[in-house]
Amino acid sequence: MRNVQATQLMFELSRPGRRANMLPECDVPTNSLGDLYPASTLRATAPELPELSEGDVVRHFTNLSTLNMSVDTHFYPLGSCTMKYNPKRNERLAGLPGIVDLHPLQPDESVQGMLQLLYELQGYFAEISGLPAVSLQPAAGAHGELTALMAAAAYLRDRRESRINVLCPDSAHGTNPASAKMVGFNTITIRSRADGSVDMDDLRSKVDEQTAVFMITNPSTLGLFEKQIRAIADLVHSAGGLIYLDGANMNAIMGIARPGDFGADMMHYNPHKTFSGPHGGGGPGAGPICVQDFLEPYLPVPRVEKRNGRFVLESDYPKSIGRVRSFQGNIGVLVRAYCYIRAYGATGIREVSENAVLNANYLLARIKPLLPVPNGDRCMHEFVASAAALKKEKGITAMDLAKRLLDFGFHAPTVYFPLTVPEALMIEPTETESKETMDAFVRAVETILGEDAAAVQAAPLSTQISRPDEVRAARKPVMRWQASQ
Amino acid sequence: MAYLFNTVEDVREMLAAIGAASVDSLFDCIPREYRYSGALEIPPAMSEIELTRHMEQLASRNQGVSRNVCFLGGGAYDHFIPAVVDHLAGRGEFYTSYTPYQPEVSQGNLQVMFEYETLICELTGMDVSNASLYDGASATIEAVLLAMASKPKCTKVLVPDNLHPEYRQVLATYLQWTAYELVVVSCPDGAIPLDNWIQQIDESVGCVVLSQPNFFGIVEDLAPVAAVAKDAGAVVVAVCDMISLGILASPASWHADIVVGEGQVLGNPLQYGGPYLGIMACRESFVRRMPGRIAGQTEDKHGHRCWVLTLQTREQHIRRDKATSNICTNQGLFALRAAIYLALQGPVGLRETAEHCAWKIQYLQQQIVQNERFELRFAGSNWREFVVRDLDNDVSTLLKYCRERQILAGLALETWYPDMRDCILIAATEKRTRAELDQLVELLNAAPRQKEVSHA
């Protein structure tokens with residue numbers, strides 16, 4: 001159903017002289033550029049952009065879009081990414097004139113509606129987290145981690161404490177240690193026990209007067225609630241350290257448990273996960289952070305405040321770490337989060353988490369007889385199955401199983417993460433999937449497990465391409481098109 | 001509830017399959033003492049009709065640029081966005097997919113990333129582009145960290161004060177946790193003073209950051225400025241506007257090693273400051289430490305050309321604390337929009353758009369200084385924006401007067417430059433018509449003057 005042109009590069013479709021998007025005649029005097037600018041600053045030759053008609057462009061990108069799996073078209077149980085339904089109303093509302101067309105440097109008086117929205121959203125984030133002070137600035141979850149760690153470092157500096165270590169469990173997202181490094185901390189890995197919980201003996205041996213922050217993902221990347229969280233927090237706090245909560249998995253506990261109540265001093269949200277911001281083929285996200293009162297003075301600027309009934313962007317905080325990006329934040333993502341929260345309301349938000357956990361436990365119950373799930377009978381919003389036995393018995397790896405699922409019309413789970421489970425398949429159905437969809441997914445897994453190893457290892461068979469050579473891509477990198485190709 | 005699926009019957013069957021008595025019991029793993037028993041202080045649910053009305057009410061209390069005339073710049077610009085960009089980027093297969101971890105079902109996104117990378121390389125003259133960072137400011141700090149990592153003996157980062165003030169603030173925020181020192185060179189005449197610049201350059205400078213055009217809209221001859229830095233061993237980071245590159249020399253031609261920029265101008269809406277698009281491209285020697293995703297070409301097992309994420313050993317999910325950056329999610333959707341925008345523009349459209357921006361401000365500058373109240377603050381060749389000095393020193397009254405007449409006239413520079421409290425930064429894109437330019441000039445001339453009383 002696809003002709004050769006459908007997957008050609010835009011550069012290969014280009015023909016000299018073809019074009020789209022004509023500007024009007026210029027209605028002011030048109031001087032020669034040579035009269036306006038020094039010759040040395042002007043381009044001698046045009047950049048080699050493609051020359052295409054508008055119809056070419058539309059067909060090209062439409063064809064490319066059909067090569068993707070997406071939430072709109074497929075079940076996408078990519079663990080840790082919370083691939084839930086992205087409400088269409090949010091797209092329209094975030095695109096309203098007066099929302100999408102505000103310049104970031106307009107005076108506060110001309111954006112009172114927007115500032116009110118952001119102010120209210122700060123309140124909702126604080127309420128769900130149980131942490132009172134909020135910054136909407138960070139651009140993504142990893143950026144939120146970085147920002148919060150800077151705030152922690154500024155707090156410690158203010159107290160003249162030279163604590164240099166950030167502790168992360170071995171099951172943590174890679175962003176945690178990478179963020180810590182960027183703020184100049186050393187990172188120390190804490191072992192997990194077989195059941196996914198923090199090894200308290202290991203933690204105890206590593207918490208000391210050098211401990212700045214313990215970063216924990218709770219619920220964890222294994223989809224388990226860390227029951228020792230209070231003991232962990234007490235241990236770290238009594239040594240003078242702080243607790244950072246990676247909020248990647250907040251979809252499991254909204255309205256059910258609040259990080260501020262179980263010991264967290266700071267956390268970030270991933271609104272593109274929890275609050276339905278579209279994932280956009282790899283972003284944009286946003287990474288708002290919530291912190292305890294004592295960290296508030298260190299939050300980045302600007303912040304949205306309410307003064308005498310008016311909303312203002314305020315930057316006058318002498319202890320602030322400063323600015324972490326240009327302008328105010330990933331507002332488009334935050335507006336969608338606001339719409340999402342308002343559509344559900346207080347009780348609805350709690351039902352989101354209840355249904356996310358119900359769906360995950362149902363899928364766990366159905367998958368467990370087929371594939372071992374090393375960590376327990378119950379889960380929160382996701383669980384991690386292991387193909388280790390399958391690999392040993394039949395030579396089928398987690399990746400093989402993932403690839404074969406594509407043939408059945410299912411996006412694969414996250415594979416090989418967390419690193420603590422061999423041949424990991426991390427499965428997160430989210431609350432916006434039906435029982436029938438999950439049942440069909442289970443049947444597909446069951447069918448695949450009954451297939452010959454060779455058939456599974458040959459997968460996928462139904463996609464445009466199969467098993468690209470990633471080693472070659474890395475050894476001889478070709479990272480742009482060139483005319484000679 | 002709004003977007004949920006499960007019926008009462010579903011819930012019953014699912015609980016039976018799980019072997020649980022109730023949904024609540026699924027949360028027994030959370031110790032009782034941490035369970036939140038209260039009701040969240042969030043307003044009750046709204047239907048789509050109610051929410052639409054509510055959002056329209058909020059929107060009506062904002063002065064958007066579609067119903068006002070925008071002359072604001074300073075790093076975000078009111079360029080035209082063709083309908084095709086919104087239409088294509090609004091396809092669910094693009095905007096509801098995620099990072100292409102499974103290349104077989106992500107070839108659309110991967111090919112777009114590869115095309116985007118090629119387009120950015122063409123514009124900048126660099127060898128390699130990544131698939132995006134957060135925004136122009138965060139791309140700039142990432143470029144500085146990349147540059148400094150390649151110069152282990154150097155401690156200084158040298159920037160002129162005509163680099164976007166917010167970018168400089170972001171550099172300061174990040175660098176306070178490193179061993180690097182941020183040194184700012186003052187530019188009293190708008191452009192970088194070459195003599196002072198040379199005096200600041202020595203072997204302790206690991207990188208310099210130069211912007212073209214600079215924050216005041218001045219197009220500078222940066223080749224000699226970059227050359228002295230390069231000769232002293234520093235890495236040259238260029239902050240460029242991508243539309244200006246339709247007419248301006250590529251930064252590669254003036255010795256840049258790493259090029260970054262704000263990609264909002266490439267078909268992305270203003271949306272009050274984000275999400276935007278951080279552009280980063282570099283010479284090949286930097287690629288193995290460059291942050292962010294990169295799509296590369298390869299072949300599949302049948303020998304078909306295809307695309308994958310490549311050089312992932314740079315990244316945090318593999319290297320953890322040894323990674324070159326902590327970045328994970330980036331701005332894929334906005335890189336897509338930029339690719340569509342540039343495909344529509346082509347070399348001629350981009351050149352013409354850049355020319356219109358040049359001509360519009362040329363005309364506007366000439367008209368504004370007809371009034372003796374105003375003068376151009378800096379000599380020089382400007383593109384898309386320029387600084388006007390109000391000799392009455394009454395910028396806030398001027399801007400307010402215009403805003404009340406649906407004209408967002410410019411930015412008060414006092415915000416960032418205390419000694420420029422009589423100055424306004426005015427921008428005009430290809431969207432501005434001669435009638436709108438004339439209207440701005442009329443309003444600036446008609447605004448009430450406090451000094452008239454004393455003149456009389």
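- Using a cutoff of 4.0 Å between basic side-chain nitrogens and carboxylate oxygens, B/Asp300 and A/Arg472 are not scored as salt-bridged.
- With chain B as the partner, the residue from A/Leu36, A/Val352, A/Leu78, A/Val333 showing the most heavy-atom pairs under 4.5 Å is A/Leu36.
- A distance-only check finds a donor-acceptor pair linking the side chain of B/Asn326 to the backbone of A/Ala142 [under 3.5 Å].
- With contacts defined as side-chain heavy-atom distances shorter than 4.5 Å, the pair B/Glu93/A/Val71 does not qualify.
- Proximity of a side-chain donor or acceptor of B/Thr118 to a complementary backbone N or O of A/Trp481 within less than 3.5 Å is detected.
- Remark: side-chain polar atoms of A/His279 are not paired, donor with acceptor, to backbone N or O of B/Tyr95 under 3.5 angstrom.
- In summary, of the residues considered (A/Leu64, A/Thr7, A/Leu67), a side chain to side chain contact (heavy atoms under 4.5 Å, CB included) with B/Gln107 occurs for A/Leu67 alone.
- For the residue pair A/Arg323 and B/Thr173, no side-chain donor N or O sits within less than 3.5 Å of a side-chain acceptor on the partner.
- For the residue pair B/Asp127 and A/Arg480, the shortest heavy atom distance occurs at O-CD, 3.8 Å.
- Checking side-chain atoms of B/Gln176 against main-chain N and O of A/Ile321 turns up a donor-acceptor pair under 3.5 Å.
- Neither the backbone nor the side chain of A/Glu145 has a heavy atom closer than 4.5 Å to any heavy atom of chain B.
- The shortest non-hydrogen separation linking A/Pro97 to B/Ser66 is CB-OG, 3.7 Å.
- Residues passing the side-chain contact (heavy atoms from CB on, under 4.5 Å) test with B/Arg320 are A/Ala172, A/Pro177, A/Leu419, sequence neighbours excluded.
- Here the straight-line distance linking atom CG of B/Asp10 with atom CG of A/Leu358 works out to 9.0 Å at 0.5 Å rounding.
- With values rounded to the nearest 0.5 angstrom, B/Phe94 atom CZ is found 7.5 Å from A/Thr62 atom OG1.
- Heavy-atom pairs under 4.5 Å with chain B peak, among A/Thr414, A/Leu146, A/Asp261, at A/Leu146.
- The structure places NE2 of B/His356 at 4.5 Å from SG of A/Cys26, a figure rounded to the nearest 0.5 Å.
- Interface residue A/Glu91: only side-chain heavy atoms are found under 4.5 Å from chain B.
- Of all heavy-atom pairs spanning A/Leu33 and B/Ala358, the tightest one is CD2-CB, 4.5 Å.
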Could you give me the CA-CA distance, side-chain angles and deciding distance for B/Gln271 and A/His103, then say whether side chain to side chain donor-acceptor pair (under 3.5 Å) is met?
CA-CA 7 Å; B/Gln271 45 188 350; A/His103 190 283; over 6 Å; no
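- If you measure heavy-atom distances from A/Leu406 to chain B, the contacts under 4.5 Å come from the side chain alone.
- Each of A/Gly281, A/Ala473, A/Pro300 has some count of heavy-atom pairs under 4.5 Å with chain B, and the biggest count is that of A/Gly281.
- Counting all heavy atoms, side chain and backbone alike, B/Pro103 lies closest to A/Ile465 at O-CD1, 4.3 Å.
- In plain terms, the two heavy atoms of B/Glu166 and A/Phe327 that are nearest each other are OE1-N, 2.7 Å.
- Only the side chain of B/Val23 comes within contact range of chain A, with heavy atoms under 4.5 Å apart.
- Within the 3.5 Å criterion, the main-chain N or O of A/Asp27 finds a donor-acceptor partner in the side chain of B/Arg434.
- Taking 4.0 Å as the cut-off between side-chain N and carboxylate O, B/Glu352 and A/Arg19 count as a salt-bridged pair.
- Between A/Phe225 and B/Phe27, the gap from one ring centroid to the other reaches at least 6.0 Å.
- A distance of 13.0 Å separates CG in B/Asn109 from CE in A/Met69, rounded to the nearest 0.5 Å.
- When atom types are taken as modelled, the side chain of B/Asn62 and the backbone of A/Met114 share a donor-acceptor pair closer than 3.5 angstrom.
- A salt bridge between A/Arg230 and B/Glu33 is absent, with no side-chain N of the basic residue lying under 4.0 Å from a carboxylate O of the acidic one.
- In summary, the side chains of A/Asn330 and B/Asp135 do not present any donor paired with an acceptor at a separation below 3.5 Å, with no hydrogens or angles considered.
- Side-chain atoms of B/Thr298 come within 3.5 Å of backbone atoms of A/Asp469 as a donor-acceptor pair (strictly under, hydrogens ignored).
- For a residue to count as touching a neighbouring chain, one of its non-hydrogen atoms must lie under 4.5 Å from one of that chain's; by this rule A/Arg467 touches chain B with backbone and side chain alike.
- For A/Arg43 (side chain) and B/Ala249 (main-chain N/O), no donor-acceptor pair under 3.5 Å exists by modelled atom type.
- Judged purely by atom type and a 3.5 angstrom limit, B/Tyr98 has no side-chain atom pairing as donor or acceptor with the backbone of A/Pro278.
- Taking the charged nitrogens against the carboxylate oxygens, A/Arg89 and B/Glu48 do have a contact shorter than 4.0 Å, which makes a salt bridge.
- At least one donor-acceptor pair under 3.5 Å links the side chain of A/Asn68 to the backbone N or O of B/Gly108.
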Should B/His164 and A/Ser326 be marked as a side-chain contact (heavy atoms from CB on, under 4.5 Å) after you check the CA-CA gap, both sets of side-chain angles, and the distance that decides it?
CA-CA 9 Å; B/His164 196 304; A/Ser326 57; 5.7 Å; no
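- Looking at residues two or more places apart in sequence or on another chain, you find a side-chain contact (heavy atoms from CB on, under 4.5 Å) between A/Glu48 and B/Glu122.
- The shortest heavy-atom contact between A/Tyr362 and B/Ile18 is N-CD1, 3.6 Å.
- In this model, a donor atom of one side chain and an acceptor atom of the other lie less than 3.5 Å apart for A/Ser40 and B/Asp221.
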